[in-house]
2 protein chains.
Amino acid sequence: MTRGEARQQLLEAAEELVLARGLSAATVDEICRLAGVTKGAFYHHFKSKDALALAVLDHYYGRVAAAFTIASDLASPRERLDAMLTRAEEVAAGPLLRRGCLMAVFALELAERPDDRLRAAVAERFDQLGFGLETVLRQVLREQGCAPKPARAQASFLARQFLVCLEGGITLAKAHKDPERVVEAVRFYRKSLAAQLA
Amino acid sequence: MTRGEARQQLLEAAEELVLARGLSAATVDEICRLAGVTKGAFYHHFKSKDALALAVLDHYYGRVAAAFTIASDLASPRERLDAMLTRAEEVAAGPLLRRGCLMAVFALELAERPDDRLRAAVAERFDQLGFGLETVLRQVLREQGCAPKPARAQASFLARQFLVCLEGGITLAKAHKDPERVVEAVRFYRKSLAAQLA
DNA sequence: CCCTGTACATACCAAACAGTCGGTTTGCGA
DNA sequence: TCGCAAACCGACTGTTTGGTATGTACAGGG
(Lines give C-alpha, C1' and ligand atoms only; values in the text may rest on other atoms or scores of the structure.)
Protein backbone atom coordinates (compact mmCIF):
# COMPACT_ATOMS: atom_id res chain seq x y z
CA MET A 1 0.00 0.00 0.00
CA THR A 2 1.79 3.09 -1.22
CA ARG A 3 0.86 6.62 -0.36
CA GLY A 4 -1.75 8.30 -2.57
CA GLU A 5 -3.87 5.36 -3.60
CA ALA A 6 -6.05 5.18 -0.52
CA ARG A 7 -8.95 6.93 -2.23
CA GLN A 8 -8.96 4.46 -5.10
CA GLN A 9 -8.72 1.52 -2.72
CA LEU A 10 -11.64 2.87 -0.72
CA LEU A 11 -13.79 3.25 -3.84
CA GLU A 12 -13.10 -0.30 -4.94
CA ALA A 13 -13.66 -1.75 -1.48
CA ALA A 14 -16.89 0.19 -1.08
CA GLU A 15 -18.17 -0.94 -4.47
CA GLU A 16 -17.54 -4.56 -3.65
CA LEU A 17 -19.15 -4.41 -0.23
CA VAL A 18 -22.18 -2.40 -1.36
CA LEU A 19 -22.81 -4.89 -4.16
CA ALA A 20 -22.51 -7.74 -1.69
CA ARG A 21 -24.60 -6.43 1.21
CA GLY A 22 -26.21 -3.14 0.32
CA LEU A 23 -25.27 0.39 1.30
CA SER A 24 -26.36 0.54 4.92
CA ALA A 25 -24.93 -2.90 5.68
CA ALA A 26 -21.56 -1.93 4.23
CA THR A 27 -19.99 -0.27 7.27
CA VAL A 28 -17.26 2.32 7.17
CA ASP A 29 -15.00 0.15 9.33
CA GLU A 30 -15.37 -2.82 7.02
CA ILE A 31 -14.76 -0.72 3.92
CA CYS A 32 -11.57 0.61 5.51
CA ARG A 33 -10.45 -2.87 6.50
CA LEU A 34 -10.98 -4.24 2.97
CA ALA A 35 -9.23 -1.23 1.48
CA GLY A 36 -6.31 -1.72 3.85
CA VAL A 37 -6.69 1.80 5.21
CA THR A 38 -7.74 3.42 8.47
CA LYS A 39 -10.69 5.59 9.37
CA GLY A 40 -8.43 8.63 9.24
CA ALA A 41 -7.82 8.10 5.54
CA PHE A 42 -11.52 7.58 4.92
CA TYR A 43 -12.61 10.85 6.48
CA HIS A 44 -9.69 12.64 4.91
CA HIS A 45 -10.97 11.81 1.43
CA PHE A 46 -14.73 11.77 2.08
CA LYS A 47 -16.58 14.04 4.43
CA SER A 48 -19.21 11.38 5.18
CA LYS A 49 -20.39 7.92 4.23
CA ASP A 50 -22.93 9.50 1.89
CA ALA A 51 -20.18 11.43 0.12
CA LEU A 52 -18.37 8.15 -0.42
CA ALA A 53 -21.58 6.64 -1.80
CA LEU A 54 -21.89 9.41 -4.36
CA ALA A 55 -18.26 8.97 -5.40
CA VAL A 56 -18.75 5.22 -5.72
CA LEU A 57 -21.78 5.83 -7.91
CA ASP A 58 -19.65 7.96 -10.24
CA HIS A 59 -16.83 5.45 -10.22
CA TYR A 60 -19.19 2.60 -11.04
CA TYR A 61 -21.27 4.41 -13.63
CA GLY A 62 -18.15 5.51 -15.49
CA ARG A 63 -17.07 1.94 -16.02
CA VAL A 64 -20.53 0.72 -16.98
CA ALA A 65 -21.10 3.53 -19.45
CA ALA A 66 -17.67 2.89 -20.99
CA ALA A 67 -18.42 -0.81 -21.32
CA PHE A 68 -21.65 -0.16 -23.23
CA THR A 69 -20.10 2.43 -25.54
CA ILE A 70 -19.28 1.38 -29.10
CA ALA A 71 -17.25 3.00 -31.81
CA SER A 72 -19.57 5.46 -33.54
CA ASP A 73 -18.05 5.13 -37.02
CA LEU A 74 -20.52 2.59 -38.25
CA ALA A 75 -22.43 3.77 -41.29
CA SER A 76 -26.10 2.93 -40.88
CA PRO A 77 -28.23 3.30 -37.76
CA ARG A 78 -29.30 -0.32 -38.05
CA GLU A 79 -25.70 -1.46 -37.96
CA ARG A 80 -25.06 0.71 -34.92
CA LEU A 81 -28.14 -0.66 -33.19
CA ASP A 82 -27.02 -4.19 -33.90
CA ALA A 83 -23.52 -3.49 -32.63
CA MET A 84 -24.90 -1.96 -29.45
CA LEU A 85 -27.04 -4.97 -28.70
CA THR A 86 -24.17 -7.34 -29.38
CA ARG A 87 -22.03 -5.33 -27.04
CA ALA A 88 -24.79 -5.36 -24.45
CA GLU A 89 -24.85 -9.15 -24.55
CA GLU A 90 -21.10 -9.23 -24.05
CA VAL A 91 -21.30 -6.87 -21.10
CA ALA A 92 -24.13 -8.93 -19.61
CA ALA A 93 -21.96 -12.03 -19.84
CA GLY A 94 -18.84 -10.27 -18.57
CA PRO A 95 -17.52 -9.68 -15.07
CA LEU A 96 -18.78 -6.10 -14.68
CA LEU A 97 -22.38 -7.03 -13.87
CA ARG A 98 -21.73 -10.42 -12.31
CA ARG A 99 -21.97 -9.05 -8.79
CA GLY A 100 -25.09 -7.02 -9.54
CA CYS A 101 -25.76 -3.39 -10.35
CA LEU A 102 -24.80 -0.71 -7.88
CA MET A 103 -27.39 1.66 -9.27
CA ALA A 104 -30.14 -0.85 -8.61
CA VAL A 105 -28.94 -1.37 -5.05
CA PHE A 106 -29.00 2.37 -4.46
CA ALA A 107 -32.39 2.76 -6.12
CA LEU A 108 -34.03 0.21 -3.84
CA GLU A 109 -32.32 1.35 -0.67
CA LEU A 110 -32.54 5.13 -1.04
CA ALA A 111 -36.04 5.37 -2.43
CA GLU A 112 -37.72 7.17 0.46
CA ARG A 113 -34.97 9.10 2.17
CA PRO A 114 -35.81 12.60 3.32
CA ASP A 115 -32.78 13.89 1.42
CA ASP A 116 -33.04 12.29 -2.03
CA ARG A 117 -29.99 13.74 -3.75
CA LEU A 118 -28.42 10.31 -4.04
CA ARG A 119 -31.62 8.85 -5.47
CA ALA A 120 -31.84 11.70 -7.98
CA ALA A 121 -28.23 11.08 -8.99
CA VAL A 122 -29.07 7.43 -9.64
CA ALA A 123 -32.09 8.36 -11.75
CA GLU A 124 -29.95 10.71 -13.79
CA ARG A 125 -27.37 8.00 -14.43
CA PHE A 126 -30.07 5.63 -15.59
CA ASP A 127 -31.28 8.24 -18.05
CA GLN A 128 -27.76 8.84 -19.32
CA LEU A 129 -27.21 5.13 -19.74
CA GLY A 130 -30.25 4.85 -21.99
CA PHE A 131 -29.57 7.95 -24.03
CA GLY A 132 -27.15 6.38 -26.51
CA LEU A 133 -29.57 3.62 -27.36
CA GLU A 134 -32.48 6.05 -27.57
CA THR A 135 -30.65 8.15 -30.15
CA VAL A 136 -29.93 5.20 -32.39
CA LEU A 137 -33.46 3.86 -32.01
CA ARG A 138 -34.86 7.21 -33.06
CA GLN A 139 -32.76 7.17 -36.21
CA VAL A 140 -33.82 3.64 -37.05
CA LEU A 141 -37.49 4.45 -36.48
CA ARG A 142 -37.28 7.60 -38.60
CA GLU A 143 -35.47 5.75 -41.35
CA GLN A 144 -38.14 3.13 -41.79
CA GLY A 145 -40.83 5.78 -41.56
CA CYS A 146 -44.46 4.59 -41.38
CA ALA A 147 -44.54 4.97 -37.59
CA PRO A 148 -47.78 4.23 -35.75
CA LYS A 149 -46.46 6.50 -33.01
CA PRO A 150 -44.11 9.46 -33.25
CA ALA A 151 -40.55 8.10 -33.50
CA ARG A 152 -39.38 10.24 -30.60
CA ALA A 153 -41.75 8.81 -28.03
CA GLN A 154 -41.40 5.28 -29.31
CA ALA A 155 -37.59 5.43 -29.18
CA SER A 156 -37.70 6.77 -25.65
CA PHE A 157 -40.08 4.01 -24.63
CA LEU A 158 -38.01 1.24 -26.17
CA ALA A 159 -34.77 2.55 -24.71
CA ARG A 160 -36.32 2.55 -21.25
CA GLN A 161 -37.35 -1.06 -21.74
CA PHE A 162 -33.75 -2.01 -22.36
CA LEU A 163 -32.88 -0.80 -18.90
CA VAL A 164 -35.94 -2.61 -17.58
CA CYS A 165 -34.73 -5.92 -19.02
CA LEU A 166 -31.15 -5.33 -17.92
CA GLU A 167 -32.01 -4.45 -14.32
CA GLY A 168 -34.72 -7.08 -14.07
CA GLY A 169 -32.27 -9.67 -15.31
CA ILE A 170 -29.71 -8.55 -12.76
CA THR A 171 -32.23 -8.73 -9.92
CA LEU A 172 -33.28 -12.27 -10.80
CA ALA A 173 -29.68 -13.28 -11.40
CA LYS A 174 -28.86 -12.24 -7.87
CA ALA A 175 -31.88 -13.98 -6.39
CA HIS A 176 -31.01 -17.23 -8.16
CA LYS A 177 -27.22 -16.86 -8.04
CA ASP A 178 -27.26 -17.39 -11.79
CA PRO A 179 -25.49 -14.68 -13.84
CA GLU A 180 -26.75 -16.24 -17.07
CA ARG A 181 -30.15 -14.66 -16.40
CA VAL A 182 -28.79 -11.26 -17.35
CA VAL A 183 -27.69 -12.52 -20.76
CA GLU A 184 -31.05 -14.18 -21.22
CA ALA A 185 -32.88 -10.97 -20.41
CA VAL A 186 -30.80 -8.94 -22.86
CA ARG A 187 -31.41 -11.53 -25.56
CA PHE A 188 -35.13 -11.35 -24.86
CA TYR A 189 -34.98 -7.60 -25.30
CA ARG A 190 -33.16 -8.01 -28.59
CA LYS A 191 -35.77 -10.40 -29.92
CA SER A 192 -38.59 -8.15 -28.75
CA LEU A 193 -36.99 -5.18 -30.41
CA ALA A 194 -36.52 -7.03 -33.67
CA ALA A 195 -40.17 -8.06 -33.59
CA GLN A 196 -41.49 -4.59 -32.76
CA LEU A 197 -39.30 -2.81 -35.30
CA ALA A 198 -40.15 -5.13 -38.19
CA MET B 1 -53.97 -1.64 20.21
CA THR B 2 -55.77 -4.69 21.55
CA ARG B 3 -54.14 -7.85 22.73
CA GLY B 4 -53.32 -10.44 20.05
CA GLU B 5 -52.67 -8.28 17.02
CA ALA B 6 -49.05 -7.38 17.73
CA ARG B 7 -47.69 -9.95 15.30
CA GLN B 8 -49.78 -8.63 12.44
CA GLN B 9 -48.83 -5.04 13.26
CA LEU B 10 -45.16 -6.00 13.31
CA LEU B 11 -45.40 -7.69 9.91
CA GLU B 12 -47.05 -4.66 8.36
CA ALA B 13 -44.63 -2.21 9.94
CA ALA B 14 -41.66 -4.31 8.87
CA GLU B 15 -42.94 -4.56 5.31
CA GLU B 16 -43.35 -0.82 5.05
CA LEU B 17 -39.94 -0.02 6.50
CA VAL B 18 -38.08 -2.64 4.49
CA LEU B 19 -39.65 -1.38 1.28
CA ALA B 20 -38.68 2.16 2.23
CA ARG B 21 -35.11 1.68 3.44
CA GLY B 22 -34.02 -1.91 2.90
CA LEU B 23 -33.70 -4.75 5.38
CA SER B 24 -30.58 -3.78 7.30
CA ALA B 25 -31.63 -0.15 7.57
CA ALA B 26 -35.01 -1.13 8.96
CA THR B 27 -34.12 -1.46 12.62
CA VAL B 28 -35.96 -3.57 15.15
CA ASP B 29 -36.60 -0.53 17.33
CA GLU B 30 -38.12 1.43 14.49
CA ILE B 31 -40.29 -1.48 13.42
CA CYS B 32 -41.55 -1.80 16.97
CA ARG B 33 -42.22 1.93 17.19
CA LEU B 34 -44.20 1.94 13.92
CA ALA B 35 -46.12 -1.14 15.00
CA GLY B 36 -46.95 0.53 18.32
CA VAL B 37 -45.39 -2.33 20.24
CA THR B 38 -42.32 -2.92 22.43
CA LYS B 39 -39.26 -5.07 21.92
CA GLY B 40 -40.69 -7.66 24.25
CA ALA B 41 -43.55 -8.30 21.85
CA PHE B 42 -41.15 -8.49 18.94
CA TYR B 43 -38.95 -11.16 20.45
CA HIS B 44 -41.95 -13.00 21.78
CA HIS B 45 -43.26 -13.54 18.25
CA PHE B 46 -39.96 -13.77 16.33
CA LYS B 47 -36.79 -15.33 17.61
CA SER B 48 -34.61 -12.94 15.61
CA LYS B 49 -34.71 -10.18 13.02
CA ASP B 50 -34.03 -12.76 10.32
CA ALA B 51 -37.00 -14.81 11.45
CA LEU B 52 -39.15 -11.72 11.07
CA ALA B 53 -37.70 -11.17 7.60
CA LEU B 54 -38.73 -14.66 6.56
CA ALA B 55 -42.22 -14.13 7.95
CA VAL B 56 -42.51 -10.80 6.15
CA LEU B 57 -41.45 -12.50 2.93
CA ASP B 58 -44.28 -15.01 3.35
CA HIS B 59 -46.75 -12.31 4.26
CA TYR B 60 -45.79 -10.23 1.24
CA TYR B 61 -45.58 -13.07 -1.25
CA GLY B 62 -48.99 -14.34 -0.24
CA ARG B 63 -50.61 -11.06 -1.16
CA VAL B 64 -48.70 -10.68 -4.41
CA ALA B 65 -49.44 -14.23 -5.55
CA ALA B 66 -53.11 -13.73 -4.72
CA ALA B 67 -53.21 -10.50 -6.68
CA PHE B 68 -51.83 -12.15 -9.80
CA THR B 69 -54.13 -15.17 -9.60
CA ILE B 70 -57.12 -15.29 -11.94
CA ALA B 71 -60.19 -17.47 -12.03
CA SER B 72 -59.17 -20.64 -13.86
CA ASP B 73 -62.54 -21.34 -15.45
CA LEU B 74 -61.73 -19.70 -18.75
CA ALA B 75 -61.98 -22.08 -21.66
CA SER B 76 -59.00 -21.61 -23.95
CA PRO B 77 -55.35 -21.17 -22.96
CA ARG B 78 -55.15 -18.02 -25.05
CA GLU B 79 -58.03 -16.50 -23.14
CA ARG B 80 -56.38 -17.38 -19.86
CA LEU B 81 -53.09 -15.91 -21.02
CA ASP B 82 -54.83 -12.73 -22.03
CA ALA B 83 -56.64 -12.49 -18.73
CA MET B 84 -53.40 -13.02 -16.82
CA LEU B 85 -51.67 -10.22 -18.65
CA THR B 86 -54.60 -7.89 -18.17
CA ARG B 87 -54.54 -8.69 -14.49
CA ALA B 88 -50.80 -8.12 -14.41
CA GLU B 89 -51.29 -4.63 -15.80
CA GLU B 90 -53.90 -3.91 -13.14
CA VAL B 91 -51.61 -5.13 -10.37
CA ALA B 92 -48.74 -3.06 -11.79
CA ALA B 93 -50.96 0.02 -11.68
CA GLY B 94 -52.34 -0.79 -8.24
CA PRO B 95 -51.13 0.01 -4.75
CA LEU B 96 -49.46 -3.33 -4.02
CA LEU B 97 -46.29 -2.65 -6.02
CA ARG B 98 -46.24 1.11 -5.66
CA ARG B 99 -43.66 1.03 -2.86
CA GLY B 100 -41.48 -1.50 -4.67
CA CYS B 101 -41.02 -5.24 -4.40
CA LEU B 102 -39.90 -6.78 -1.14
CA MET B 103 -38.48 -9.79 -2.92
CA ALA B 104 -36.24 -7.57 -5.04
CA VAL B 105 -35.02 -5.72 -1.95
CA PHE B 106 -34.15 -9.01 -0.29
CA ALA B 107 -32.50 -10.36 -3.44
CA LEU B 108 -30.14 -7.42 -3.73
CA GLU B 109 -29.35 -7.18 -0.05
CA LEU B 110 -28.93 -10.85 0.84
CA ALA B 111 -27.05 -12.00 -2.24
CA GLU B 112 -23.73 -12.88 -0.64
CA ARG B 113 -24.54 -13.74 2.92
CA PRO B 114 -22.73 -16.71 4.43
CA ASP B 115 -26.10 -18.19 5.39
CA ASP B 116 -28.27 -17.93 2.28
CA ARG B 117 -31.49 -19.49 3.44
CA LEU B 118 -33.33 -16.20 3.07
CA ARG B 119 -31.94 -15.73 -0.44
CA ALA B 120 -32.97 -19.27 -1.37
CA ALA B 121 -36.45 -18.57 -0.04
CA VAL B 122 -36.68 -15.50 -2.25
CA ALA B 123 -35.54 -17.46 -5.31
CA GLU B 124 -38.17 -20.10 -4.60
CA ARG B 125 -40.91 -17.46 -4.39
CA PHE B 126 -39.85 -15.98 -7.70
CA ASP B 127 -40.12 -19.41 -9.29
CA GLN B 128 -43.54 -19.96 -7.77
CA LEU B 129 -44.70 -16.59 -9.00
CA GLY B 130 -43.79 -17.47 -12.57
CA PHE B 131 -45.19 -20.96 -12.52
CA GLY B 132 -48.79 -20.06 -13.29
CA LEU B 133 -47.80 -18.08 -16.34
CA GLU B 134 -45.39 -20.78 -17.46
CA THR B 135 -48.15 -23.39 -17.42
CA VAL B 136 -50.47 -21.32 -19.57
CA LEU B 137 -47.66 -20.39 -21.95
CA ARG B 138 -46.82 -24.06 -22.42
CA GLN B 139 -50.41 -24.82 -23.34
CA VAL B 140 -50.56 -21.95 -25.80
CA LEU B 141 -47.27 -22.97 -27.40
CA ARG B 142 -48.37 -26.60 -27.69
CA GLU B 143 -51.72 -25.60 -29.13
CA GLN B 144 -50.26 -23.64 -31.99
CA GLY B 145 -47.68 -26.36 -32.63
CA CYS B 146 -44.91 -25.61 -35.11
CA ALA B 147 -42.42 -24.72 -32.37
CA PRO B 148 -38.90 -23.79 -33.34
CA LYS B 149 -37.91 -24.82 -29.81
CA PRO B 150 -39.56 -27.37 -27.55
CA ALA B 151 -42.60 -25.73 -25.97
CA ARG B 152 -41.44 -26.62 -22.46
CA ALA B 153 -38.17 -24.68 -22.64
CA GLN B 154 -39.69 -21.78 -24.52
CA ALA B 155 -42.53 -21.39 -22.00
CA SER B 156 -40.06 -21.45 -19.13
CA PHE B 157 -37.93 -18.82 -20.84
CA LEU B 158 -40.84 -16.51 -21.57
CA ALA B 159 -42.28 -16.82 -18.08
CA ARG B 160 -38.92 -15.81 -16.60
CA GLN B 161 -38.88 -12.76 -18.84
CA PHE B 162 -42.17 -11.64 -17.36
CA LEU B 163 -40.53 -11.47 -13.96
CA VAL B 164 -37.56 -9.73 -15.56
CA CYS B 165 -39.81 -6.99 -16.95
CA LEU B 166 -41.82 -6.71 -13.75
CA GLU B 167 -38.81 -6.40 -11.44
CA GLY B 168 -36.87 -4.21 -13.85
CA GLY B 169 -39.86 -1.92 -14.09
CA ILE B 170 -40.12 -1.77 -10.31
CA THR B 171 -36.43 -0.94 -9.94
CA LEU B 172 -36.61 1.92 -12.43
CA ALA B 173 -39.89 3.10 -10.97
CA LYS B 174 -38.19 3.45 -7.60
CA ALA B 175 -35.17 5.20 -9.05
CA HIS B 176 -37.34 7.73 -10.86
CA LYS B 177 -40.13 7.89 -8.29
CA ASP B 178 -42.51 7.10 -11.14
CA PRO B 179 -44.82 4.11 -10.54
CA GLU B 180 -46.05 4.28 -14.13
CA ARG B 181 -42.81 2.62 -15.24
CA VAL B 182 -44.02 -0.70 -13.90
CA VAL B 183 -47.14 -0.55 -16.04
CA GLU B 184 -45.04 0.43 -19.03
CA ALA B 185 -42.73 -2.53 -18.50
CA VAL B 186 -45.61 -4.99 -18.24
CA ARG B 187 -47.15 -3.58 -21.41
CA PHE B 188 -43.80 -3.96 -23.17
CA TYR B 189 -43.75 -7.60 -22.10
CA ARG B 190 -47.24 -8.12 -23.41
CA LYS B 191 -46.36 -6.67 -26.80
CA SER B 192 -43.18 -8.71 -26.96
CA LEU B 193 -45.07 -11.85 -26.10
CA ALA B 194 -47.70 -11.18 -28.75
CA ALA B 195 -44.95 -10.64 -31.32
CA GLN B 196 -43.02 -13.76 -30.37
CA LEU B 197 -46.04 -16.03 -30.17
CA ALA B 198 -47.48 -15.00 -33.52
C1' DC C 1 -61.82 -18.07 42.25
C1' DC C 2 -57.45 -19.78 41.40
C1' DC C 3 -53.97 -21.48 38.46
C1' DT C 4 -51.31 -21.59 34.24
C1' DG C 5 -49.58 -20.36 29.91
C1' DT C 6 -49.65 -16.86 26.44
C1' DA C 7 -48.95 -12.11 25.30
C1' DC C 8 -46.92 -8.50 26.14
C1' DA C 9 -43.81 -4.49 28.81
C1' DT C 10 -39.43 -2.51 30.82
C1' DA C 11 -34.83 -2.18 31.78
C1' DC C 12 -30.77 -3.53 30.44
C1' DC C 13 -26.29 -5.23 27.84
C1' DA C 14 -22.16 -5.84 24.91
C1' DA C 15 -20.97 -4.98 20.38
C1' DA C 16 -21.03 -2.16 16.50
C1' DC C 17 -22.03 2.16 14.49
C1' DA C 18 -20.67 6.87 12.07
C1' DG C 19 -17.96 10.40 12.92
C1' DT C 20 -13.93 13.26 15.50
C1' DC C 21 -9.47 14.76 16.79
C1' DG C 22 -4.74 15.36 17.95
C1' DG C 23 -0.79 13.51 16.21
C1' DT C 24 2.74 11.54 12.71
C1' DT C 25 4.62 10.69 8.25
C1' DT C 26 5.85 12.05 3.61
C1' DG C 27 6.41 14.38 -0.78
C1' DC C 28 7.96 18.74 -2.56
C1' DG C 29 8.79 23.64 -3.60
C1' DA C 30 11.85 27.22 -2.02
C1' DT D 1 17.94 21.76 4.19
C1' DC D 2 14.04 23.61 5.77
C1' DG D 3 9.04 24.40 6.06
C1' DC D 4 4.53 23.22 5.20
C1' DA D 5 0.52 21.23 3.43
C1' DA D 6 -1.53 17.10 2.15
C1' DA D 7 -1.93 12.24 3.32
C1' DC D 8 -2.68 9.19 6.66
C1' DC D 9 -2.94 7.02 11.43
C1' DG D 10 -5.49 5.10 15.44
C1' DA D 11 -7.51 5.89 19.74
C1' DC D 12 -11.66 7.92 21.29
C1' DT D 13 -16.89 9.39 21.81
C1' DG D 14 -21.78 9.31 22.07
C1' DT D 15 -25.32 6.85 20.07
C1' DT D 16 -27.65 2.95 18.14
C1' DT D 17 -27.74 -1.79 17.24
C1' DG D 18 -29.79 -6.70 17.86
C1' DG D 19 -30.74 -9.37 21.54
C1' DT D 20 -31.81 -10.77 26.67
C1' DA D 21 -33.56 -11.13 31.39
C1' DT D 22 -37.13 -10.42 34.30
C1' DG D 23 -41.37 -9.01 35.33
C1' DT D 24 -46.56 -8.35 34.75
C1' DA D 25 -51.44 -8.30 32.82
C1' DC D 26 -54.88 -11.22 31.31
C1' DA D 27 -57.77 -14.85 29.05
C1' DG D 28 -59.67 -19.26 29.84
C1' DG D 29 -60.01 -24.06 31.83
C1' DG D 30 -60.78 -26.36 36.19
Side-chain angles (χ1 to χ4, degrees), chain A residues 1-18 20-57 59 105-106 109-110 112-119, chain B residues 1-57 59 102 105-106 109-110 112-119:
Chain A
M1 182 68 47
T2 55
R3 192 182 176 86
E5 60 181 73
R7 191 188 147 92
Q8 186 68 19
Q9 294 290 327
L10 281 166
L11 287 175
E12 290 172 18
E15 184 181 307
E16 182 168 333
L17 285 173
V18 170
R21 322 192 205 296
L23 181 60
S24 45
T27 70
V28 173
D29 284 291
E30 207 177 356
I31 291 168
C32 291
R33 211 178 309 141
L34 185 60
V37 153
T38 62
K39 278 267 250 309
F42 185 103
Y43 284 97
H44 172 72
H45 289 287
F46 308 101
K47 75 168 204 286
S48 68
K49 192 186 173 184
D50 265 30
L52 184 260
L54 197 62
V56 168
L57 178 63
H59 180 253
V105 173
F106 278 21
E109 219 166 331
L110 309 175
E112 295 184 29
R113 271 201 191 180
D115 171 11
D116 69 353
R117 274 176 291 186
L118 258 172
R119 193 227 92 237
Chain B
M1 181 67 51
T2 54
R3 191 184 176 85
E5 61 181 73
R7 190 188 148 94
Q8 185 69 18
Q9 294 290 326
L10 281 166
L11 286 175
E12 288 172 20
E15 184 180 307
E16 183 168 333
L17 286 173
V18 169
L19 285 175
R21 320 195 207 295
L23 181 59
S24 44
T27 70
V28 172
D29 284 289
E30 208 177 354
I31 291 169
C32 290
R33 211 177 310 140
L34 185 60
V37 152
T38 61
K39 279 263 256 304
F42 185 104
Y43 284 97
H44 172 72
H45 289 288
F46 308 101
K47 77 168 203 284
S48 68
K49 193 187 173 185
D50 266 30
L52 167 75
L54 197 63
V56 169
L57 178 62
H59 180 252
L102 198 120
V105 174
F106 278 21
E109 219 166 330
L110 308 175
E112 297 187 27
R113 272 202 189 180
D115 171 10
D116 69 353
R117 274 175 290 185
L118 257 173
R119 193 226 92 239

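Here is how names work: the chains are called A, B, and so on, in the same order as the sequence lines, proteins then strands, and each is numbered from 1.
The side-chain contact (heavy atoms from CB on, under 4.5 Å) test with B:Arg7 singles out one residue from B:Glu12, B:His45, B:His44, B:His59, and that residue is B:His45. Across A:Arg113, A:Arg117, A:Arg119, a single residue satisfies salt bridge (Lys or Arg N to Asp or Glu O under 4.0 Å) together with A:Asp115, and that is A:Arg117.
Of the listed nucleotides (D:dC9, C:dA7, D:dC8), D:dC9 has the atom at the smallest distance from the side chain of A:Val37.
Atom-to-atom distance recorded for B:Lys49:NZ and B:Tyr43:OH is 8.5 Å, nearest 0.5 angstrom.
Regarding contacts with the backbone of C:dC8, a side-chain N or O of B:His45 is found under 4.0 angstrom from either OP1 or OP2. At least one side-chain nitrogen or oxygen of A:His44 sits closer than 4.0 Å to the OP1 or OP2 atom of D:dA7.
In this structure, the side chain of A:Gln9 does not engage the main chain of A:Gly36 through any donor-acceptor pair within 3.5 Å.
Spacing between atom CZ of A:Arg7 and atom P of D:dA6 amounts to 15 Å, rounded to whole angstrom units. Taking atom CD on A:Glu30 and atom P on C:dA15, their separation rounds to 18 Å, with Å as the unit. Atom CZ of B:Arg21 and atom C1' of D:dT17 are 15 Å apart (whole Å). Note: CD1 (A:Ile31) to C1' (C:dC17) measures 12 Å, nearest angstrom.
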- Message: Base contacts versus sugar-phosphate-only contacts with protein, heavy atoms under 4.0 Å: please encode nucleotides 18-23 of chain C as B, S and - from 5' to 3'.
- Response: BBB---

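Annotation for B:Ala41 and B:Ala6: closest pair CB-CB, 4.4 Å, computed over non-hydrogen atoms. The shortest non-hydrogen separation linking A:Leu23 to A:Val105 is N-CG1, 4.3 Å.
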